[in-house]
Each structure stands twice: as structure tokens, then as C-alpha cells.
Amino acid sequence: MKEENIICACSAYNRKFWFNPRFSDLPKAVQDELRVMSVLFTEDVGGIIIFGYDEAGTLRIETNTQADDYNYDTIGSRLKVDDMKRKHEELFAQLGLYYDLMKRSDG
């Protein structure tokens, strides 16, 4: 995922949340929802979570871990992402539509 296509990321390692200013035109409620999901994820399973778009414009949720993080819950992270996709299906569909309408024309 290219950095300019990343909406936001959160890390349990440095306890920071980052929101890409390129997506600042998203409604505040959507930004807040992404922040809450990200922080809860990293507090629960650790690691890093990234929300962004792939080359085709499809919303992706990626998780990463540091090589020496033996406490990272790999299975829990996959289950949590799947649960997040189910619970927030409408939000993620709207984010896909947003990208198609707003960002593809930005180049």
C-alpha cells in the first residue's frame, strides 16, 4: 500500500495514531470512528494496524508486528479484523465509494 493511499495507522509500540491529511475531508465522525477502531485494536492485540486503499482503490486493513514482538496475537488480530469488517461493513463500503468519487480524480 502506497503511503499516499493510507488513511490512518495506529501503533501499540509507540502508542501513536496517525491520520493522513490527504483524507482530512472525510467527515469528523468517520475520522473518529477509524481512530477508535485503531486504538481498540492495538490495545487488544498489539502491533500496528493500517487502513488504506490498494492500487485498485479497494479498502484494505493491514496488520503488522515487530519481529521481536512475541506477545503479538496473530490469530486474535485476524479474528478482530474479520469482526471489524462485519460490524462496520456499511462504513467500509462508504469509504470505498468515497475513494472512487473523491480521490481517483485527484491523481
Side-chain angles (χ1 to χ4, degrees):
M1 190 178 326
K2 292 182 179 178
E3 186 173 333
E4 68 262 14
N5 290 340
I6 294 174
I7 302 170
C8 63
C10 189
S11 171
Y13 304 115
N14 60 12
R15 302 181 62 82
K16 290 192 179 185
F17 174 82
W18 174 79
F19 191 86
N20 188 342
R22 181 171 185 247
F23 295 96
S24 63
D25 57 346
L26 279 170
K28 175 103 171 79
V30 171
Q31 293 180 36
D32 291 344
E33 184 84 17
L34 289 169
R35 179 186 320 268
V36 168
M37 283 190 283
S38 299
V39 170
L40 289 176
F41 177 90
T42 57
E43 288 294 318
D44 189 24
V45 296
I48 299 167
I49 188 166
I50 302 167
F51 290 87
Y53 298 98
D54 64 16
E55 298 296 321
T58 302
L59 182 68
R60 308 281 299 166
I61 304 171
E62 295 181 2
T63 62
N64 298 307
T65 182
Q66 292 179 347
D68 62 348
D69 184 356
Y70 302 109
N71 293 319
Y72 181 72
D73 185 356
T74 305
I75 295 169
S77 71
R78 184 62 13 222
L79 292 172
K80 188 128 180 120
V81 167
D82 290 346
D83 186 52
M84 198 183 301
K85 287 178 180 178
R86 272 191 305 279
K87 286 182 179 176
H88 301 282
E89 183 177 358
E90 186 176 334
L91 172 67
F92 296 149
Q94 290 172 349
L95 283 168
L97 181 60
Y98 161 84
Y99 188 81
D100 285 342
L101 295 174
M102 304 297 288
K103 296 302 175 190
R104 284 187 194 247
S105 62
D106 286 355

Hydrophobic clusters here meaning ILVMFWY residues chained together by side-chain heavy-atom distances under 4.5 Å, can you tell me if [X] and [Y] are in one?
X    : Y    : value
Y72  : L79  : no
F19  : M102 : yes
L101 : L59  : yes

Compile the donor-acceptor pairs under 3.5 Å between side chains in residues 2-9 and protein atoms, sequence neighbours left out, one pair per line.
from: N5; atom 1: OD1; to: Y99; atom 2: OH; distance (Å): 3.4

- Query: Going by heavy atoms in the side chains, are I61 and H88 under 4.5 Å from each other?
  - Reply: no
- Sequence neighbours excluded, the answer for side chain to side chain contact (heavy atoms under 4.5 Å, CB included) partners of T42 is C10, A12, I49
- Under the side chain to side chain contact (heavy atoms under 4.5 Å, CB included) rule, collect the residues that match up with S11, sequence neighbours excluded. Y13, N14, I48
- Message: Using salt bridge (Lys or Arg N to Asp or Glu O under 4.0 Å), reason through K28 and D32 one step at a time and then give a plain yes or no.
- Response: CA-CA 6 Å; K28 175 103 171 79; D32 291 344; 2.9 Å; yes
- Query: Given the rule in the side-chain contact (heavy atoms from CB on, under 4.5 Å) test, do F51 and F23 qualify, once you have shown the distances and angles that lead to the verdict?
  - Reply: CA-CA 12 Å; F51 290 87; F23 295 96; over 6 Å; no
- Message: Pair L95, L26 - check side-chain contact (heavy atoms from CB on, under 4.5 Å), show working.
- Response: CA-CA 9 Å; L95 283 168; L26 279 170; 3.7 Å; yes
- Would you call K80 and D83 a salt bridge, taking side-chain N to carboxylate O under 4.0 Å as the test? no
- Short side-chain to backbone donor-acceptor contact, S38 and L34, under 3.5 Å: yes
